[in-house]
Student: 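Dumping the structure here so I can ask a few things about it.
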Protein chains: 2
Amino acid sequence: MNSFTEENYLKAIYKLIEQNDEAVSTNAIAKKMNTKAASVTDMLKKLSDKKLIHYQKYQGVTLTAKGEKVALSVIRKHRLWEMFLLEKLDFKWDEVHDVAEQLEHINSDKLIAQIDKFLNYPKFDPHGDPIPDVNGKIQTQKSKSIANFKKNDVLVMTGVVDHSTAFLQYLDKSGLALGNEIKIKEVIEFDRSLQISINKKTTIFISNDVAKNILAITK
Amino acid sequence: MNSFTEENYLKAIYKLIEQNDEAVSTNAIAKKMNTKAASVTDMLKKLSDKKLIHYQKYQGVTLTAKGEKVALSVIRKHRLWEMFLLEKLDFKWDEVHDVAEQLEHINSDKLIAQIDKFLNYPKFDPHGDPIPDVNGKIQTQKSKSIANFKKNDVLVMTGVVDHSTAFLQYLDKSGLALGNEIKIKEVIEFDRSLQISINKKTTIFISNDVAKNILAITK
DNA sequence: AATATTTTTTAGACTAGTCTAAATTTATTT
DNA sequence: AAATAAATTTAGACTAGTCTAAAAAATATT
Ligand SMILES: [Mn+2]
Ligand SMILES: [Mn+2]
Ligand SMILES: [Mn+2]
Ligand SMILES: [Mn+2]
């Protein structure tokens with residue numbers, strides 16, 4: 001079996017590869033893991049010995065099939081637990097992450113299969129991220145940041161890029177939630193900020209910084 | 001905060017004190033924790049430094065108020081999780097322990113409060129053991145092993161002493177479950193084995209070894 | 001009371017994971 | 001192409017938790 005630490009490294013590497021689709025650097029991992037490059041190098045050696053990553057000194061790392069399987073399993077558990085906390089235990093979407101960060105390391109196939117069933121096999125987590133199935137297969141959404149749409153586009157909010165408590169609470173306060181209809185009423189040329197309407201009712205202004213972190217698809 | 005290991009030691013010490021109501025020995029802890037006496041001594045020093053136990057070399061240990069609080073919190077979490085697995089996720093009573101052993105270390109007050117609420121504040125776990133409340137208060141049952149009752153006593157099964165998979169599966173097979181009515185039909189003098197009826201229906205024989213591990217109260 | 005046995009602690013070593021500081025390699029600038 | 005800067009790795013040290021073997025203390029036996 002793999003330790004919590006190993007699982008966290010594999011998940012971090014998976015997400016970094018997902019972002020740029022290329023081998024990830026020691027420094028990138030160190031930043032993501034809140035640790036030092038020297039510690040990362042030590043861990044890379046260990047993960048390489050265990051055939052979980054492809055690693056050659058100075059060349060960055062990618063995941064082996066085996067390593068990717070572990071990463072996807074951890075992500076699956078994380079997102080299912082987030083969904084469970086939200087749906088069954090009345091957690092808010094800004095409260096689920098930290099607890100899921102712990103629960104994702106619980107080791108029991110039956111447990112996670114039963115949670116999945118209990119939730120009726122959800123496909124996306126509270127932040128709109130896809131939940132890998134038991135074989136690691138992911139159902140992708142072709143959503144884009146709403147900063148990429150233009151005036152009069154009518155959208156459905158499907159996810160967020162930033163998962164921080166501060167950002168999620170700001171969205172709550174603004175009345176923005178997954179599934180909401182968002183219409184681009186105005187794009188301010190100067191700073192790319194937006195005027196948008198939510199569910200045909202309230203109209204709000206959001207900065208380009210915020211817009212970039214909201215994902216949606218055309219309705 | 002305390003590590004998983006520290007929590008497991010404190011829980012073990014709590015249970016050993018509960019059994020005999022006296023300071024527990026290094027060897028007793030080593031046996032319970034499946035470790036060596038030397039390792040225990042090291043840990044006792046650490047727990048003592050953290051004011052979680054009263055410890056003087058060669059004199060055995062007891063828990064401080066602080067240590068007992070931690071132990072009770074871990075036990076509370078363990079038993080609530082067992083109940084959750086049984087009631088909500090269709091686990092059998094012989095399957096819950098190992099997973100709860102991991103889940104008991106998840107650190108989130110809200111999580112455990114919500115699980116408690118979700119289960120409607122259960123007072124006993126799937127094995128009949130009391131669930132400490134949020135303040136560590138325990139509701140005790142005055143049940144005794146059925147080996148201590150006599151012919152024609154009518155009882156209600158309230159718990160088990162042995163929690164092993166093998167024993168619990170044997171009880172399942174024999175039709176013995178918490179809440180069942182047990183009547184002592186016959187006590188065999190020679191080996192203290194029993195003939196008992198379950199819910200006024202089936203009648204079975206059980207050895208004294210088994211009888212000692214079944215808890216009940218008079219109906 | 002002296003001796004033998006058992007229990008407990010200490011000493012020293014090992015692994016996992018982390019760190020700082022120094023050395024090395026790769027990338028960028030001149 | 002050389003020099004400089006940045007990224008990465010190595011060396012050595014530290015903590016948590018564990019182990020074996022040896023020493024010390026407590027307990028039991030004669
Ligand atoms: Mn994690
Ligand atoms: Mn999420
Ligand atoms: Mn445990
Ligand atoms: Mn139990």
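No hydrogens, no waters, no symmetry mates; every other heavy atom, side chains included, goes into these values. Chain letters run A, B, ... following the sequence lines, proteins first and then strands; every chain starts at 1. Here the structure is a predicted model, which means the values were calculated and not measured.
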Student: Would one find more than 12 heavy atoms of other residues, nucleotides or ligands at under 6.0 Å from atom CG of A:Asp109?
Tutor: no
Student: Looking at the side chain of A:Tyr9, which of C:dT10, C:dT18, C:dA21 is the nearest nucleotide?
Tutor: C:dT18
Student: Is the shortest side-chain N/O distance from B:Ser39 to OP1 or OP2 of D:dT18 below 4.0 Å?
Tutor: no
Student: For B:Lys69, I'd like to know if atom NZ has over 12 heavy atoms of other residues, nucleotides or ligands within 6.0 Å.
Tutor: no
Student: Would you find more than 12 non-hydrogen atoms of other residues, nucleotides or ligands less than 6.0 Å from A:Lys31 atom NZ?
Tutor: no
Student: Could you tell me if the ring centre of A:Phe84 sits under 6.0 Å from that of B:Phe84?
Tutor: yes
Student: Return each pair, listed once, that meets salt bridge (Lys or Arg N to Asp or Glu O under 4.0 Å) where at least one residue sits in residues 84-98 of chain B; pairs must be two or more places apart or across chains.
Tutor: A:Lys110-B:Glu95
Student: Test your reading of the model: is there a side-chain donor-acceptor pair from A:Ser193 to the backbone of A:Asn208, 3.5 Å cut-off?
Tutor: no
Student: Determine: side-chain N/O of A:Asn27 to OP1/OP2 of D:dA6, distance under 4.0 Å, yes or no.
Tutor: no
Student: Taking only residues two or more places apart in sequence, or in another chain, which ones meet B:Asn27 in a side-chain contact (heavy atoms from CB on, under 4.5 Å)?
Tutor: B:Ser25, B:Ala37
Student: Within residues 13-24 of chain B, which residues have any heavy atom lying less than 4.0 Å from an atom of DNA chain D?
Tutor: none
Student: Looking only at side-chain N and O atoms, does A:Thr41 come under 4.0 Å of OP1 or OP2 in D:dT10?
Tutor: no
Student: Whole angstrom is fine here: how far is it from CG in B:Leu52 over to P in D:dA16?
Tutor: 14 Å
Student: Rounded to whole Å, please give me the gap between NZ in B:Lys50 and P in D:dT15.
Tutor: 15 Å
Student: OP1 or OP2 of D:dT9 sitting under 4.0 Å from any side-chain N/O of A:Lys45?
Tutor: no
Student: Walk me through it: do B:Thr5 and B:Met43 pass the test side chain to side chain contact (heavy atoms under 4.5 Å, CB included)?
Tutor: CA-CA 9 Å; B:Thr5 310; B:Met43 180 55 79; 3.7 Å; yes
Student: Tell me the interatomic distance from B:Ile29, atom CD1, to D:dT18, atom P, rounded to whole angstroms.
Tutor: 13 Å
Student: Heavy atoms within less than 4.0 Å of DNA chain C: which residues of residues 30-37 of chain A have one? Give them sorted by number.
Tutor: A:Thr35, A:Lys36
Student: In whole angstroms, how far is the C1' atom of D:dA16 from the CG atom of B:Asp49?
Tutor: 13 Å
Student: How many Å lie between CG on A:Asp42 and C1' on D:dT8, as a whole number?
Tutor: 12 Å
Student: Might you list the N or O atoms of the protein lying below 3.5 Å from N or O atoms in nucleotides 24-29 of chain D, with each pair's distance?
Tutor:
from: D:dA25; atom 1: O4'; to: B:Tyr58; atom 2: OH; distance (Å): 3.3

Student: Please identify each residue that fulfils side-chain hydrogen bond (donor to acceptor under 3.5 Å, both in side chains) with B:His127, with sequence neighbours left out.
Tutor: B:Glu82
Student: Within 45 degrees of the axis of the six-membered ring of A:Tyr55 and under 6.0 Å from its centre: does A:Lys45 put its NZ or CZ there?
Tutor: no
Student: Rounded to the nearest angstrom, tell me the gap between atom CG in A:Leu44 and atom P in D:dT8.
Tutor: 10 Å
Student: When you measure from the side chain of B:Asn213 to the backbone of B:Asp162, do you find a donor-acceptor pair of N or O atoms at a distance under 3.5 Å?
Tutor: yes
